[in-house]
Amino acid sequence: MDTVTLSKQNRLFWLGRYATRTYITVRYMMEQLDALIDEKPVDYEAFCRRMGIPCPYQSGEDFCRRYLFDKNDPNSVQACAEAMLGNGMTLRETITSPTLAYLQMAESALELASRSEAPAVELQWVLDDIMAFRGSFDDNVDTENARNIAKTGGLVERISLMLRLDLQPERLKPELCKLLNRLYKTDLTPQPGALEVLTGYAVKEQPAGPATLLAAVEGLFIL
């Protein structure tokens, strides 16, 4: 296994997390924008509670606009996309410039969306660019360990959001099994207690509630 420095481990892991968080939250917010168009309520207070973030929003419309685009909100999608790009720029030599370009395009598409009164098309560009980034990352990153570390971060983020937002509960165990299989292909060191909880639930059919699983997923690595 190719050794990756601790600093690069951290960057790769969080690049995977931020890219996945940007992708999933953009998709989620596109659904909320559709609900606004259909004059359906947006339960932003429940969303903030589940995400464990403050709720300074005044209405569903205010939430959709500010949670997506407020650069001064460290919990916003915009802030997440900027963190994604920042990690990518630091890793330019590892992920290659063509791969980094897709992150830059995703962040630019989000900026364009912030200026639009109907940002659905620009938000779709964000999703497309992140998917293109994933494909380019697989093709251009030669170090298998580096690829697996970033993918492990992405799986941690996906499972965390699945648990927080109750997304696709039928996919929870398969995604946990993918995470467990992936982490053993890296030189990351998981926390034994968290690993035991996740292995018990996903492999040994031991019961565990969402809060317990979320704590284990978020505490699986110290990076």
Q: Go through the steps for Arg21 and Arg158 under the test side chain to side chain contact (heavy atoms under 4.5 Å, CB included), then give the verdict.
A: CA-CA 7 Å; Arg21 188 183 307 173; Arg158 181 179 303 137; over 6 Å; no
Less than 4.5 Å apart, side chain to side chain, heavy atoms only: is that true for [X] and [Y]?
{"X": "Thr20", "Y": "Arg134", "answer": "yes"}
{"X": "Pro207", "Y": "Tyr201", "answer": "no"}
{"X": "Met84", "Y": "Arg17", "answer": "no"}
{"X": "Leu110", "Y": "Leu123", "answer": "yes"}
{"X": "Lys8", "Y": "Thr90", "answer": "no"}
{"X": "Val141", "Y": "Thr99", "answer": "no"}
{"X": "Leu220", "Y": "Leu183", "answer": "yes"}
{"X": "Gln104", "Y": "Leu85", "answer": "yes"}

Q | Donor-acceptor under 3.5 Å (Ser160 side chain, Val156 main chain) | A | no
Over 12 non-hydrogen atoms of neighbours within 6.0 angstrom of [atom1] in [X]:
{"X": "Glu117", "atom1": "CD", "answer": "no"}
{"X": "Lys40", "atom1": "NZ", "answer": "no"}
{"X": "Arg171", "atom1": "CZ", "answer": "yes"}

Mind checking the [atom1]-[atom2] spacing from [X] to [Y]? Nearest 0.5 Å is all I need.
{"X": "Leu68", "Y": "Arg65", "atom1": "CG", "atom2": "CZ", "answer": "8.0 Å"}
{"X": "Phe137", "Y": "Thr96", "atom1": "CZ", "atom2": "OG1", "answer": "9.5 Å"}
{"X": "Leu12", "Y": "Leu188", "atom1": "CG", "atom2": "CG", "answer": "9.0 Å"}
{"X": "Glu82", "Y": "Asn87", "atom1": "CD", "atom2": "CG", "answer": "12.5 Å"}
{"X": "Asp129", "Y": "Gln124", "atom1": "CG", "atom2": "CD", "answer": "10.0 Å"}
{"X": "Gln206", "Y": "Leu198", "atom1": "CD", "atom2": "CG", "answer": "11.5 Å"}

Q) Name the one of Thr189, Asn145, Asp187 that satisfies side-chain hydrogen bond (donor to acceptor under 3.5 Å, both in side chains) with Gln9? A) Asp187
Please give me the minimum heavy-atom distance between [X] and [Y], naming the atom from each residue.
{"X": "Arg92", "Y": "Ser97", "result": "NH1-OG, 3.3 Å"}
{"X": "Gly219", "Y": "Gln191", "result": "O-CG, 3.2 Å"}
{"X": "Ala194", "Y": "Ala216", "result": "CB-O, 3.3 Å"}
{"X": "Gly60", "Y": "Val42", "result": "CA-CB, 4.1 Å"}
{"X": "Ala120", "Y": "Met30", "result": "O-CE, 3.8 Å"}
{"X": "Ala79", "Y": "Ser76", "result": "N-OG, 3.0 Å"}

Short N-O contact, [X] and [Y], less than 4.0 angstrom:
{"X": "Asp166", "Y": "Arg50", "result": "no"}
{"X": "Glu111", "Y": "Lys71", "result": "yes"}
{"X": "Glu157", "Y": "Arg164", "result": "no"}

Q: Determine the interplanar angle of the Tyr67 and Phe63 rings, folded into 0 to 90°, and report it as parallel if under 30°, tilted if 30 to 60°, perpendicular if over 60°.
A: parallel
Report yes or no: do [X] and [Y] belong to one cluster of Ile/Leu/Val/Met/Phe/Trp/Tyr joined by side chain heavy-atom distances under 4.5 Å?
{"X": "Trp125", "Y": "Phe69", "result": "no"}
{"X": "Val126", "Y": "Leu112", "result": "no"}
{"X": "Val121", "Y": "Leu33", "result": "no"}

Q | Side chains of Arg182 and Thr186, donor plus acceptor under 3.5 Å | A | no
Q: Is it possible for you to check whether Arg66 lies under 6.0 Å from the centre of the six-membered ring of Tyr44, through NZ or CZ, and within 45° of that ring's axis?
A: no
Q.
side chain to side chain contact (heavy atoms under 4.5 Å, CB included), that's the test. Do Ile159 and Leu172 meet it? Break it down for me.
A. CA-CA 7 Å; Ile159 294 166; Leu172 182 57; 4.0 Å; yes
Q: Would you please test Cys64 and Leu36 for side chain to side chain contact (heavy atoms under 4.5 Å, CB included) and show each step?
A: CA-CA 9 Å; Cys64 287; Leu36 283 180; 3.6 Å; yes
Q: Given side chain to side chain contact (heavy atoms under 4.5 Å, CB included), test Leu161 with Met51 step by step and report yes or no.
A: CA-CA 8 Å; Leu161 291 172; Met51 293 291 286; 3.7 Å; yes
**Q.** For Phe133, the option from Leu15, Leu100, Asp128 that meets side chain to side chain contact (heavy atoms under 4.5 Å, CB included)
**A.** Leu15
Q: Decide salt bridge (charged side-chain N to carboxylate O under 4.0 Å, His left out) for Glu205 and Lys173; before the verdict, give the C-alpha distance in whole Å, the side-chain angles of both, and the deciding distance to 0.1 Å.
A: CA-CA 10 Å; Glu205 302 292 328; Lys173 282 189 179 180; 2.7 Å; yes
